[in-house]
Amino acid sequence: MDEMRTLQDFRADAPAPDHARLTPGRQRLLDEAARPRRLRGGRWWAAVGAAVAVAVAAVLVAQVVPPADGPRVKAEYASVPEPGDGQWLYRKTVTRQSSLNFRDDLNPVTEKGPGWKPYWVHEQETWTQYGSGKQRRTLGKGQLDSVVTKSPWGPPKDVRAKVEKLPSEPLELMRELRGVITMPLGDPAALDIGDYRRTKFALTELEGLPPKVRLSLFRTLQRIPGVVVRTDPAEDALGRPAVAVHWSDDDDEFTRQTHRRQELLLDPETYEYRGERTLLLAGGMIDSKVTTKDTLISVSAVVDGGVVDKAGTRP
C-alpha cells in the first residue's frame with residue numbers, strides 16, 4: 001500500500017470527497033453485492049472488484065487532483081529555466097487597430113477610401129537583455145533600431161528574483177509587491193489602482209516567470225478592490241481565447257473621459273500574458289451616432305517569444 005500512501009501524501013491538504021461524489025461508486029458496489037449470483041467462479045468477484053476499484057479511484061482522484069482545477073495544476077507544477085545574464089528576452093506582438101479616425105477623440109468618424117479596411121495590422125519586435133535591462137526594438141520595416149534604451153523597471157533578472165521571493169498568499173503578495181515595483185514619482189494613482197498596475201506589470205513584462213508565480217499574481221489580481229475579471233468570452237488578436245481583466249469602469253479616469261475601456265488579456269490555463277484590447281463602450285459616439293454595443297478599437301497578441309543569445313535574432 002506504499003503507492004496509495006504516496007498518492008495521499010502528495011495532496012494531503014486536498015478536501016475530502018463529499019457524499020455526492022462518492023455515492024455513485026458506493027451504489028454500484030451495493031448493487032453488485034445484491035445481484036443474483038449467476039456469474040460462475042471468479043467472474044462474480046471480478047465484478048465486485050471492479051466496483052470497489054471505482055469507489056477507491058474516486059477517493060484517490062479527489063485527494064490527488066483538485067476538482068475542476070486543470071488550469072491551476074498546469075500553472076502550479078510546470079517549470080521554466082532561467083535565462084543567462086547576457087541573453088535577451090524576445091517578444092513579437094501583433095496589433096489589430098481600428099481604422100476609425102480619432103481626431104475628435106470623443107466622436108471618431110469612418111473615413112472610407114481606396115483600399116479601405118476596417119482594421120490595419122501592425123507588428124512590433126522587442127529584445128530586453130536579461131541581466132542588464134538593455135532594450136532594442138524593430139523599426140517599420142523590421143530593421144533593428146540603433147538606439148539602445150533601458151527598461152524603466154530595472155533588469156528583468158533583478159525584478160524576477162524579487163518577485164519570486166514574494167509570498168504566495170494574495171494579500172501578503174500585494175503588500176510586498178509595493179516595495180519591489182515602485183510607481184513613477186508624482187503618479188496620482190490611488191493605492192488600489194497602483195496595486196493593479198504593479199500586478200499587471202509583473203504579469204505582462206516579466207517574461208519567463210515560473211508558472212507558480214504567475215498563478216499567485218493572478219490570485220492577487222482577483223483580490224484587489226476595483227479589479228474586474230470578466231466571465232464573458234474574450235479573444236486576442238489571433239482569435240485565441242483569453243481572460244479579460246480591467247479596472248472598474250466607474251473608477252477609471254480613462255474610461256470616464258473617453259468612454260473606452262482597456263483590458264488585459266491572459267491565457268485562461270497558464271495566466272501568461274496574451275495581449276490587450278481597447279473597447280469603445282456602448283453609449284459612445286461613432287459618426288455622431290450613439291452606439292448600442294461595445295466596439296473593438298484595438299486588440300493585440302503576443303505572437304512569439306523566447307530567449308535568444310543576441311538582439312536582432314529570433315527563437
Approximate separation, where rounding is to 0.5 Å, of [X] [atom1] and [Y] [atom2]:
{"X": "Glu111", "Y": "Arg103", "atom1": "CD", "atom2": "CZ", "answer": "5.0 Å"}
{"X": "Leu280", "Y": "Thr255", "atom1": "CG", "atom2": "OG1", "answer": "10.5 Å"}
{"X": "Glu164", "Y": "Ser216", "atom1": "CD", "atom2": "OG", "answer": "11.0 Å"}
{"X": "Glu123", "Y": "Thr93", "atom1": "CD", "atom2": "OG1", "answer": "9.5 Å"}
{"X": "Thr270", "Y": "Arg214", "atom1": "OG1", "atom2": "CZ", "answer": "5.0 Å"}
{"X": "Arg160", "Y": "Asp158", "atom1": "CZ", "atom2": "CG", "answer": "12.0 Å"}

| field | Glu272 vs Val302, side chain to side chain contact (heavy atoms under 4.5 Å, CB included): CA-CA, chis, key distance, verdict | value | CA-CA 10 Å; Glu272 288 181 281; Val302 176; over 6 Å; no
Residues clustered with [X], ILVMFWY side-chain links under 4.5 angstrom:
{"X": "Met285", "answer": "Val290"}
{"X": "Val148", "answer": "none"}
{"X": "Val303", "answer": "Val94, Val121, Leu238"}
{"X": "Leu106", "answer": "none"}

Does [X] belong to the same Ile/Leu/Val/Met/Phe/Trp/Tyr cluster as [Y], with side-chain heavy atoms less than 4.5 Å apart forming each link?
{"X": "Leu265", "Y": "Leu215", "answer": "no"}
{"X": "Leu144", "Y": "Val307", "answer": "no"}
{"X": "Leu281", "Y": "Val228", "answer": "no"}
{"X": "Ile181", "Y": "Val213", "answer": "yes"}
{"X": "Trp120", "Y": "Val109", "answer": "no"}

(Q) Quick test of your reading: applying ring-ring contact (aromatic ring centres under 6.0 Å, His included), list the pairs with at least one residue in residues 216-236, sequence neighbours left out, ordered by first then second residue. (A)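 Sorted pair list: Phe218-Tyr271.
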[Y] backbone acceptor or donor facing [X] side chain under 3.5 Å:
{"X": "Thr138", "Y": "Glu125", "result": "yes"}
{"X": "Arg219", "Y": "Pro170", "result": "no"}
{"X": "Trp247", "Y": "Arg197", "result": "no"}
{"X": "Tyr196", "Y": "Gly226", "result": "no"}
{"X": "Thr291", "Y": "Gly284", "result": "yes"}
{"X": "Thr313", "Y": "Lys310", "result": "yes"}
{"X": "Ser99", "Y": "Lys117", "result": "yes"}
{"X": "Arg274", "Y": "Pro241", "result": "yes"}
{"X": "Ser300", "Y": "Glu276", "result": "yes"}
{"X": "His259", "Y": "Ala282", "result": "yes"}

Do [X] and [Y] make a side-chain contact, defined as non-hydrogen atoms from C-beta onward lying under 4.5 Å apart?
{"X": "Pro156", "Y": "Thr128", "value": "yes"}
{"X": "Asp195", "Y": "Leu177", "value": "no"}
{"X": "Leu217", "Y": "Leu221", "value": "no"}
{"X": "Lys157", "Y": "Glu82", "value": "yes"}

Open item on the list: For Tyr130, give me all partners under ring pair (Phe, Tyr, Trp, His ring centres under 6.0 Å), at least two apart in sequence or on another chain.
Closed with: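 If we apply the ring pair (Phe, Tyr, Trp, His ring centres under 6.0 Å) test to Tyr130, skipping adjacent residues, there are no hits.
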- Looking only at heavy atoms, which two atoms of Val299 and Glu235 are closest? And how far apart?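 Scanning both residues completely, I find the closest heavy atoms to be CG2-O, 3.7 Å.
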Side chain to side chain contact (heavy atoms under 4.5 Å, CB included) with [X]: which residues, sequence neighbours excluded?
{"X": "Arg137", "answer": "Gln124, Thr126, Leu139, Asp145"}
{"X": "Phe102", "answer": "Leu100, Asp105, Pro108, Arg260, Ile297"}
{"X": "Glu263", "answer": "Arg230, Ala244, His246, Arg261, Arg277, Leu279"}
{"X": "Lys112", "answer": "Thr110, Trp116"}

Among residues at least two apart in sequence or on other chains, which ones pass side-chain hydrogen bond (donor to acceptor under 3.5 Å, both in side chains) with Arg223?
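Result, side-chain hydrogen bond (donor to acceptor under 3.5 Å, both in side chains) vs Arg223: none returned.
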side-chain hydrogen bond (donor to acceptor under 3.5 Å, both in side chains) involving Ser132 - partner list, sequence neighbours excluded
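Per chain and number, Ser132 pairs via side-chain hydrogen bond (donor to acceptor under 3.5 Å, both in side chains) with Gln129.
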**Asked** Under the side chain to side chain contact (heavy atoms under 4.5 Å, CB included) criterion, do Tyr273 and Leu203 qualify, and how do the steps go?
**Response** CA-CA 6 Å; Tyr273 174 62; Leu203 284 166; 5.6 Å; no
